[in-house]
Q: 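This structure is in structure tokens; I'll ask about it shortly.
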Amino acid sequence: MLTKAPRGTKDILPAEVPQWRFFEEKAREACRLFGYSEIRIPMFEHTELFLRGVGEVTDIVAKEMYTFTDKGGRSLTLRPEGTASVARAYLEHKMQGEAQPVKVFYTGPMFRYDRPQAGRYRQFHQFGVEAFGSQEPALDAEVVMLALFFLQSLGLDKLTLHLNSVGCPECRSRYRESLRAALRGKVKELCPDCGERYEKNPLRILDCKNERCQAVTKEAPLLADELCNGCREHFAAVRAALDALGVAYVLNPRLVRGLDYYTKTAFEIMAPGLGAQSSICGGGRYDHLVATIGGPDIPGIGFAIGIERVLLALAAAGSGGAEAAAPDVFVATAGVTPAEALPYVMELRKAGLAAEMDFLNRSLKAQLKLADKKGIRYVVLLGEAELQAGQATVKDMQSGMQEAVSLGGLCAYLAERLKEEN
RNA sequence: GUGGAUGUAGCUCAGUUGGUCAGAGCACCAGAUUGUGGCUCUGGGGGUCGUGGGUUCGAGUCCCAUCAUCCACCCCA
């Protein structure tokens, strides 16, 4: 146990960090272009925030939260998602007083007590954006575009965008009843899960994968046909905006998001190669979330992208990804101790060169092997003979050529050679 | 939370119906070249066979439990 990370968690090892940095750089760049600023929110919040914000009947809240009591007796919860926290921060810092919309993004770990599976972890990471203070359909389109623009900038194509409108509280509750009415006599034909959903959240019956359930709901009314005028117009405007941008999407009237706060626009982006976890991005509008947690009725829209899943999708797409840059120089020694070599290594570093050396008293041969394995282009050989002559031998590992350089001019010489390289 | 598969060196895997079964390749270290890498050859270190019980004269090899991973469901990123 001591030597194993807890279930559903994992180390991100040095070899994979370049890919994470690649992801984060592209995310920052996309957000800069779209005008979203970074916000850093706490890793845990008052449990109440998620109960109210995400919704008590959602699976996330009902069975997946990491909740604990701190020494002051407070009930706290490791954040299972970011939107509720950002809404809280918006309220707490009175951002309704700033120029609207307020557009922010975040990245970081989220925690859900799920059963782990490929592309699903108990501690996973999300990159998300939120925009508060506007109901403008063009903003919905911008948010969708940001997600697509970013994912494409990573090199992902073959993405599928699913789009739907889940309406507002008024038309949704009206629809909920007409759906219940339509299914009234058929509840027994549904799977056990859907039997429960019939009572608690009948909309979810629509995207049940069970074939029998799908057959039963085939003739059921669709929310898209029962939206109120406001929601219908909004949805039409969002689609028109996306059409004008030339974005391809699938209208999926059965797309129902699992969090209570969603209203109107709901969307999801899928990528191939991830098995059952094909959803890499989920988002939508949440026009009453801020009001739900006790603030003014301020609309918002956002999305969250699962970093692990995107990285898996990139690997599946054969997009090799980034590699760590090799150091510039390896200082090898012969008849000189590591302690004696270190000052010379430091000189190189002070001159801005990434310099490595051996700390295991390896033979010269082994040191060259090491330098080769690390992909280092230049080796500086410090031997007794060189030091006596006030020189070092510089070897170019690519050509095999070597040259004597005076110790005083070493940094300048190497800097020059490295500059030629690129 | 439900169902199924898997778990042998750092990695990928062999290991017959339980009796030299603790192995191979790659990786790592060293030598062949008393101060020089990438190829080749030789040698070496490393595993309580996930863990804990049980059956047996004897168990990676059978049984049970447990943990973990993977797949599907649930749900979601």
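Per chain, numbering begins at 1; letters A, B, ... match sequence-line order. Just the heavy atoms: all of them, side chains too, but no hydrogens, waters or symmetry mates, feed the values below.
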Q: Can you check the distance between B:C21 and B:G58, where both ends of the measurement are the C1' atom (answer in whole Å)?
A: 13 Å
Q: Mark yes or no for whether A:E177, through its side chain, and A:R174, through its backbone, hold a donor-acceptor pair below 3.5 Å.
A: no
Q: Roughly how many Å is it from OH in A:Y121 to P in B:C70, rounded to a whole number?
A: 7 Å
Q: What pairs of donor and acceptor atoms, side-chain ones from residues 159-166 of chain A against any protein atom, are under 3.5 angstrom apart with sequence neighbours left out?
A:
residue : atom : partner : partner atom : Å
A:H162  : ND1  : A:N252  : ND2          : 3.0
A:N164  : ND2  : A:N252  : O            : 3.4
A:N164  : ND2  : A:P253  : O            : 3.4
A:N164  : ND2  : A:L255  : O            : 2.9
A:S165  : OG   : A:G167  : N            : 3.3

Q: In Watson-Crick or G-U wobble terms, both distances under 3.5 Å, what is the partner of B:G47?
A: none
Q: Write down the partner of B:U33 under the Watson-Crick or G-U wobble criteria, each distance required to be under 3.5 Å.
A: none
Q: Please give, in whole Å, the distance from B:A77 P to A:E81 CD?
A: 8 Å
Q: Under a 4.0 Å heavy-atom cut-off, which of residues 46-60 of chain A touch RNA chain B?
A: A:D59
Q: Is the side chain of A:R309 donor-acceptor paired with the backbone N or O of A:S278 at a distance under 3.5 Å, no angle test?
A: no
Q: Heavy atoms only, 4.0 Å cut-off, all strands: where does A:Q117 land among base, sugar-phosphate and nothing?
A: base
Q: Given 3.5 Å as the limit, does a donor-acceptor pair link the side chain of A:S75 with the main chain of A:T47, or not?
A: no
Q: Rounded to the nearest angstrom, tell me the gap between atom CG in A:N361 and atom C1' in B:C29.
A: 15 Å
Q: Which whole-number value in Å describes the distance from A:E64 CD to B:U2 C1'?
A: 15 Å
Q: Side chains of A:T9 and A:Q123: donor-acceptor distance under 3.5 Å anywhere?
A: no
Q: I'd like the P distance from B:G1 over to B:U66, given in whole Å.
A: 12 Å
Q: Can you confirm whether more than 12 heavy atoms, excluding those of A:H93, are under 6.0 Å from its NE2 atom?
A: yes
Q: Would you kindly check if the NZ (Lys) or CZ (Arg) of A:K374 is within the cone defined by 45 degrees around the ring axis of A:F330 and under 6.0 Å from the six-membered ring centre?
A: no
Q: Check the side chains of A:E226 and A:S178 for a donor-acceptor pair under 3.5 angstrom, ignoring hydrogens and angles.
A: yes
Q: Could you please name the option among B:A77, B:G31, B:C71 that lies closest to any side-chain atom of A:S363?
A: B:G31
Q: For each nucleotide in nucleotides 33-49 of chain B, reading 5' to 3', give B when a protein heavy atom comes within less than 4.0 Å of its base, S when such contact involves only the sugar-phosphate, and - otherwise.
A: --BBBB-----------
Q: List in numerical order all residues of residues 141-161 of chain A for which some heavy atom is under 4.0 Å away from an atom belonging to RNA chain B.
A: none
Q: With P as the reference atom in both, quote the distance from B:A9 to B:G23 in angstrom, rounded to an integer.
A: 14 Å
Q: Between B:A14 and B:G31, how far apart are the C1' atoms? Round to whole Å, please.
A: 30 Å
Q: Atom OH of A:Y66 to atom P of B:C76: distance rounded to whole Å?
A: 18 Å
Q: Could you tell me whether the side chain of A:R79 and the main chain of A:P109 form a donor-acceptor pair under 3.5 Å?
A: yes
Q: Just name whichever nucleotide pairs with B:A24, Watson-Crick or G-U, keeping both distances under 3.5 Å, else none.
A: B:U12
Q: In whole Å, what separates the C1' atom of B:C57 from that of B:C71?
A: 42 Å
Q: Could you tell me the Watson-Crick or G-U partner of B:G1, where both distances fall under 3.5 Å? Say none if there is no partner.
A: B:C73
Q: Run through A:F303, A:F127, A:F105 and flag the one making a ring-ring contact (aromatic ring centres under 6.0 Å, His included) with A:F150.
A: A:F127
Q: For B:G19 versus B:U61, give the span between their P atoms, rounded off to a whole number of Å.
A: 11 Å
Q: Does B:G53 adopt a syn or an anti glycosidic conformation, taking syn as a chi angle within 90° of 0?
A: anti
Q: Rounded to the Å, how far apart are A:H162 NE2 and B:A77 P?
A: 15 Å
Q: Give one of base, sugar-phosphate or nothing for A:G119, where a contact means two heavy atoms less than 4.0 Å apart.
A: base
Q: Taking A:I60's backbone N and O only, do any of them form a donor-acceptor pair with A:R112's side chain (distance below 3.5 Å, no angle check)?
A: no
Q: With a non-hydrogen cut-off below 4.0 angstrom, is A:R377 in contact with a base, only sugar-phosphate, or nothing?
A: nothing
Q: When you match A:Y113 and A:Q126 each to their closest nucleotide on RNA chain B, which lands nearer the 5' end?
A: A:Y113
Q: Which nucleotide, in any strand shown, forms a Watson-Crick or G-U wobble pair with B:A68, with both distances under 3.5 Å?
A: B:U6
Q: Got a donor-acceptor pair under 3.5 Å from the side chain of A:R115 to the base of B:U2?
A: yes
Q: Give every residue pair that meets the salt bridge (Lys or Arg N to Asp or Glu O under 4.0 Å) criterion with at least one member in residues 122-136 of chain A, sequence neighbours excluded.
A: none
Q: Enumerate the salt bridge (Lys or Arg N to Asp or Glu O under 4.0 Å) contacts for residues 157-169 of chain A, please, sequence neighbours excluded, ordered by first and then second residue.
A: none
Q: Atom CZ of A:R122 and atom C1' of B:A77: how far apart are they, to the nearest Å?
A: 16 Å
Q: For nucleotides B:G50 and B:U17, find the distance between their C1' atoms and express it as a whole number of Å.
A: 26 Å
Q: What is the distance from CG of A:D114 to P of B:C71, rounded to the nearest Å?
A: 14 Å
Q: Looking at A:F132 versus A:Y286, is the centre-to-centre ring distance below 6.0 Å?
A: yes
Q: Please state the P separation for the pair B:C73 and B:C28 - nearest whole angstrom.
A: 41 Å
Q: With heavy atoms under 4.0 Å as the rule, sort A:G8 into base, sugar-phosphate or nothing.
A: sugar-phosphate
Q: Let's test this: given Watson-Crick or G-U wobble pairing with both distances under 3.5 Å, identify the partner of B:U56.
A: none
Q: Starting at the 5' end of RNA chain B, which residue's closest nucleotide do you reach first, A:G306 or A:A118?
A: A:A118
